[in-house]
Structure formats: C-alpha cells, structure tokens
Trainee: 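My questions all concern the structure below.
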4 protein chains.
Amino acid sequence: MAFELGRGIAQRDAVLICGGLTGVMEHAARGARAAGGLTIGLLPGDDPDEANEYVHIAIATGLGHARNAILARTADGVVAVGGGLGTLSEIALALRNGRPTIGIHTWRFDRDRRTEPELPIAANPKDALDWLFSRMER
Amino acid sequence: MAFELGRGIAQRDAVLICGGLTGVMEHAARGARAAGGLTIGLLPGDDPDEANEYVHIAIATGLGHARNAILARTADGVVAVGGGLGTLSEIALALRNGRPTIGIHTWRFDRDRRTEPELPIAANPKDALDWLFSRMER
Amino acid sequence: MAFELGRGIAQRDAVLICGGLTGVMEHAARGARAAGGLTIGLLPGDDPDEANEYVHIAIATGLGHARNAILARTADGVVAVGGGLGTLSEIALALRNGRPTIGIHTWRFDRDRRTEPELPIAANPKDALDWLFSRMER
Amino acid sequence: MAFELGRGIAQRDAVLICGGLTGVMEHAARGARAAGGLTIGLLPGDDPDEANEYVHIAIATGLGHARNAILARTADGVVAVGGGLGTLSEIALALRNGRPTIGIHTWRFDRDRRTEPELPIAANPKDALDWLFSRMER
C-alpha cells in the first residue's frame, strides 16, 4: 500500500517527502522511485547516511520527533498510513496547519465539543490520492 | 480545572512546565504560583516577553509547535487538558516517550490492532495528579 | 572562572541558564548553586538525566547544537567562556539577536567591511558581569 | 560570485542546499538552476512560499536560525559567502561536524590555544569548489 502511494504521488508529478527511514517510509520512497519520482527524507537523526536507499535528498534534521512538525509545515498534503504515535503527532499538526490530510488504516480520534477538523479515511491509495490532489492548490 | 492542576502540582513540590501562553497554560501557571510553586513556560515564539505573567522562567524556543516535542521529553509526567490539535500532538509524543500521561476532558483515539499505550482519563484534577505522581519516579 | 561567573550571576539575583553538561557548564552551575541561585540546563539530548548535578531544571531539547539558538533567544544576556565551535555559534546568534554578550578567553572574529556588532572581552568574571548587568533591562 | 558558485555546484552534478531566501541564497539558487541543477531551500519560517523562485524544494523548518544546525548536518560540504552572524554560526557548526567547509569574503576567527580546525579561504568560486569537491567523499 505504501509502495502504491509513493508510485501514485510520483505519477501525479509530485515530490514525495517522508521520514526517510524503514517500513512505510521506505516502501513509499521505493514506489516513488519506481515511477521516476523525486524523494526527500526528513530524518530524525544527524547522519544523512541513515536514509533508506530510495531517498534522493536526505535532510538530517537531528531533531528527533520534533522533525514531524517540519513535515507538517512543508508538505502540501499528507497521507497518513498505519500506526505509531509519531504518525498521530504528524496528523495532528498537519490538520492544525490546514494541510489537506487523509488517512489509510490509521488513527481515529475525537473529543467532546470538537471544533477541530476531521481526518477523512480512504479505503485504498488511489482514493486517498484522488482526494488529496483535488484539494492541493500549489 | 487548570488552576487546580497547577496548584496541585506545586503542592506536591513539583515544577510546572507548560506552553507559557494564555488559556489553560496561564490558569495552570497561576495555580502553581498561588501555591508557591515554580513555573516554566516553553514558548513557541522567540520572545521571552510573550510568556504569561505567572511564568517564572520563559524559554523562548522559537520552534513553533516543534516545541511540543521538547515538552514531551522534558516533563516527568503529563496532564493533558482540553482540546486543540497541538495538545493531541503532545499526548502522542509523551506516550511515545514512555512518560506517564493522563487526560482530562481531552482526546480519545484508537486504531485497529493497536499496540500503543492507552491514555487514561481522569474525572478531576485530584484524581489525575494522584494517578500521575504514583507513576513518576524521578 | 566559570564557578565565579555562576556565583556572581546568582549573587545578582539572576537565573543561570547554560548547556547543562560538564566542564564550563557544570562549574558555572555549581557556582550559582553555591550562592543559592536557580540553574537551568538546556540539554542537547533527550534525557533530562544527562544534566549535571547542579542543574535544577533540565530541559531535554533533543535538538543537538540547534539548542544553541534557543539559548541565544532565551537569555537576557550572555557570557561566553573559552573555546569550542558550539560556543562560537552561540556568540554569533546571541549578537545577532541583540542580546548583551561578552566573552572571557574566547573567540575573536572579524571580516572586511564588517557591520555586525563587536564582542567585548572581559579580563575576569567580575568585569564581565558588571558590564553585562549594566546593559540588561529585563 | 554566488551565482557562479551555484552554477559550479550544479555543473559538478551536486545538489545545492541553501537558506532559501534572498541575496546570496537567491543568486546561488539562480546559478544552480541556470546549469540545470536541483535546489533545496531550508527556510527559517513556516511557509514554503517564502522561498525564492529558484528553489525547487522548499523545506519550511519554522525553526528560525536553529535551521542553520540542520544545514550543517545535511550538507556534504559548505561554502560560506559574505557576512552576517547567521553565516558565522553555520560555519562554526559545519566545522564542528567535520564537514569540508571553505569561505569566500567571509569571517576570520581565532582564539588562544586553538584546537579547532581552520576555515580555509578561497579567492574565487572555482578555487572554492575545486577544494571542496576534492574533499567530499559521499
């Protein structure tokens, strides 16, 4: 699924920015590369060599999970995939910054008297990207 | 409620660290000061004078919401009060860092096949602090 | 010398903020404590227990040397002691932010057609603090 | 001069990373683009639209001058051009991180009993890049 997301992002002529490490981040970068796309890894550590092999541009932030805030400022749109509390923090900040944001198999969250925006959930990568790209203007 | 939390933290001889601005952050700092406590404000901006008047030590991070990650590393325990997506990002990072964390009138969140820890919810400040201080070792 | 600086800062009823680790940072914190002062350590790592034993409030930034920028925003005034390239980066940012800044046994730097402010150099801790406190208004 | 540096970096098939704003940063990015290169802007603010028009990838750090530390971790090599105290902080951190670093019309700095590395100074962009690329291994 992450591979298909990365591939779909590149096929839509967008640049993939992700956390640059293994797992979902690596599969997405591999997918973007398979479609000839450009990939950016926003690493938590201070060594550019920590990036997975599919990352073209490794930004060694050295900030740990504070780098999630940079992703939520930099991306024109966000697809959140799967679990992890770091992912939840990214979703929260991306929504807060008004970035179009959609999830696949990820967190649901709510509170009483909520005024904050909802996180839409897509059934598959194609639906997620169709929704996302229709809302990104840059 | 935030006032009572701040007061309770100071009465238990702990230092209050919060975001340093208005609203919940100011009420909590005011409560801690009322009980003779020490208060730290971890500001998003780069001007120490942005802190509310109840903050003794204003740390001007200049990081925006990336400062939430610092709070989640620095605090020995966290009480999350009320709404806001910045608060949700702090809860996520505090749980991720293994800090004892409890909520009052705040977010509920879940996902399928969750392996991440739960956020306990307290009915009032006293219950929240009783739970929190029983779990903090430092 | 660092011990005397820390002691002098506390004797002038100011709070010491430093990098929180060993060497100059530890001697300064020890001096401030000896005079009954309050000490803050702005740590590069993400573990508050890394602070030296004379730090009251350990802020675990997790930012590495990016935390130097926070010190240069937070301090009302800066005394730079000794060498190290991290110290040079702090001097540069503190001067840039318009904070009163003075050095002891530290870097000299210049460039052609300089428009940036000079770093005054003091012969001893007392002179440094006399100069610094005469220029701090907060 | 900045234009020639950017162009030379692209001609050597390297990616230009800079602060993304105006002045030297914009001239360098314009030079890299003129030679068909890829340009990254590591912005101090939280709006990607702040980048100059020659930046392909705008990373909106939202960290202010703390982003200088990220540049000093991310770049395989650094050419420092001209003045500014932010530039001095970048030189200091890049040298500290062991990155090959060279200056043109920029700061000179020294201290007694110095153990830290020297900043070599080049007479022109070509000499700077010849020196830099001979020392970068990645």
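Below, each value reflects all heavy atoms present in this structure, side chains not excepted, and no hydrogens, waters or symmetry copies. Not measured: the values here are computed from a predicted model.
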Trainee: Name the member of A:Arg111, A:Glu116, A:Arg114, A:His105 that forms the most heavy-atom pairs with chain B at distances under 4.5 Å.
Mentor: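 Looking at each option in turn, the highest pair count goes to A:Arg111.
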
Trainee: Does anything in residues 81-96 of chain A get under 4.5 Å of chain B by heavy atoms, and if so which residues?
Mentor: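 So far as heavy atoms go, A:Gly83, A:Gly84, A:Leu85, A:Gly86, A:Leu88, A:Ser89, A:Ala92, A:Leu93, A:Leu95, A:Arg96 are the residues that approach chain B to under 4.5 Å.
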
Trainee: Chain B heavy atoms under 4.5 Å from A:Arg67: which part of the residue, side chain, backbone, both or neither?
Mentor: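 Looking at A:Arg67, nothing touches chain B.
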
Trainee: With sequence neighbours left out, write down each residue that passes side chain to side chain contact (heavy atoms under 4.5 Å, CB included) with A:Arg108, or none if nothing qualifies.
Mentor: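 With sequence neighbours excluded, A:Arg108 shows a side chain to side chain contact (heavy atoms under 4.5 Å, CB included) to B:Asp110, B:Asp112, given in chain and number order.
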
Trainee: In chain order, what residues pass the salt bridge (Lys or Arg N to Asp or Glu O under 4.0 Å) check against B:Asp130, with sequence neighbours excluded?
Mentor: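 B:Asp130 satisfies salt bridge (Lys or Arg N to Asp or Glu O under 4.0 Å) with B:Arg12, B:Lys126 only.
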
Trainee: Which residues in residues 59-66 of chain B have any heavy atom closer than 4.5 Å to a heavy atom of chain A?
Mentor: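 Listed by number, the contacting residues are B:Leu63, B:Gly64, B:His65, B:Ala66.
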
